[in-house]
Amino acid sequence: QVHMVESGGGLVQPGGSLRLSCELSERTVRPTAMGWFRQFPGKEREFVAAMRWTDGNTFYSRSAKGRFTISRDEVKRTVYLQMNNLKPEDTAVYYCAADEALAYATMCRLDAPISDYEYWGPGTQVTVSR
C-alpha cells in the first residue's frame, strides 16, 4: 500500500500563511505528477495545484494562482504547498495526490477529476478564521 501523509495544516488567521507537506514514502512509485486538492464540507474534492515531477512545471487553479505555490524536494520525495494570504474561504481539508502515468497535458486541467490520480493522502485540515 502506497503511503502518503500530509502535514502542516492547522488554524490560521485571515491573511496568514501555512505550508503543507506531503511525503511519498513508497520508493517503488515513480510519479509523473503530484498535486493538491481540497474538499469543502458537503462538496466534491477540487483541484488546487499540480506539478510535473520530472521538471517541476506547475499548474494552478484560479483561486490558488498568485497566492499558493507548489514545490518539491526530489530527494525527500516530498511535495509542498505554500499558502499565503489565506482567506476564510480556503478553509477545507487538503489532500495530496500522486500518479505514475498522468500526462502533463492532462494534469493541466482546471477541472481535473480525482480519478486522474491513483495515490492519495488522508488529508489535513486547514482552518482560516479569527
Closest approach of Pro122 to Tyr95 (non-hydrogen atoms, all atoms of both residues): O-CE2, 3.3 Å

Looking at Met51 and Gly56, what are the two nearest heavy atoms and their distance? CE-O, 3.6 Å

Are the side chain of Arg67 and the backbone of Asn85 linked by a donor-acceptor contact shorter than 3.5 Å? yes

Within one Ile-Leu-Val-Met-Phe-Trp-Tyr cluster: Leu86 and Leu11, side-chain cutoff 4.5 Å: no

For residues Ser25 and Arg77, determine if any side-chain heavy atom of one lies less than 4.5 Å from a side-chain heavy atom of the other. no

Rounded at 0.5 Å granularity, tell me how far CG in Asp99 sits from CE in Met107. 11.5 Å

Which heavy-atom pair separates Met4 from Cys96 by the least distance, and what is that distance? CE-SG, 3.5 Å

So CG of Asn84 and OG of Ser17: to nearest 0.5 Å the spacing works out to 3.5 Å

Side-chain atoms of residues 111-118: list all donor-acceptor pairs with protein atoms under 3.5 Å, sequence neighbours left out, distances to 0.1 Å.
residue	atom	partner	partner atom	Å
Asp116	OD1	Arg109	NH2	2.9
Asp116	OD2	Arg109	NH2	2.4

Approximate separation, where rounding is to 0.5 Å, of Gln82 CD and Leu20 CG: 9.0 Å

Between OH of Tyr94 and CG of Leu18, what distance do you get to the nearest 0.5 Å? 9.0 Å

Take Glu46 and Arg38 through the salt bridge (charged side-chain N to carboxylate O under 4.0 Å, His left out) test and state the conclusion after the steps. CA-CA 5 Å; Glu46 68 174 34; Arg38 65 185 181 184; 3.0 Å; yes

Before we go on, tell me: are the rings of Phe47 and Phe59 under 6.0 Å apart, centre to centre? yes

In terms of heavy-atom contacts, Gly123 and Val93 come closest through CA-CG1, 3.9 Å

Count I, L, V, M, F, W, Y as connected when their side-chain heavy atoms are under 4.5 Å apart, and connections chain through other members. Are Tyr80 and Trp120 then in the same cluster? no

Report the distance from atom CZ of Arg72 to atom OG1 of Thr54, rounding to the nearest 0.5 Å. 7.5 Å

Among the clusters formed by ILVMFWY side chains lying less than 4.5 Å apart, do Phe68 and Met34 turn up in the same one? yes

Do Asp90 and Met83 have side-chain heavy atoms sitting under 4.5 Å apart? no

Residues, nucleotides or ligands: over 12 heavy atoms within 6.0 Å of Glu44 CD: no

Under 3.5 Å, is there a donor-acceptor pair linking the side chains of Thr127 and Ser129? no

Would you name the heavy atoms of Thr78 and Trp53 that are closest together and state the gap between them? O-CH2, 3.8 Å

Ring-face cation contact, Phe37 with Arg45, 6.0 Å cut, 45° max: no

Correct closest heavy-atom pair for Gln125 and Ala92 would be NE2-O, 3.4 Å

Rounded to the nearest 0.5 angstrom, the CD-OH distance for Glu100 and Tyr119 is 4.0 Å

Heavy-atom distance under 4.5 Å between the side chains of Thr69 and Tyr60, does that happen here? yes

Determine, using the 4.5 Å side-chain heavy-atom cutoff (strictly less than), whether Phe40 and Leu81 are members of one ILVMFWY cluster. no

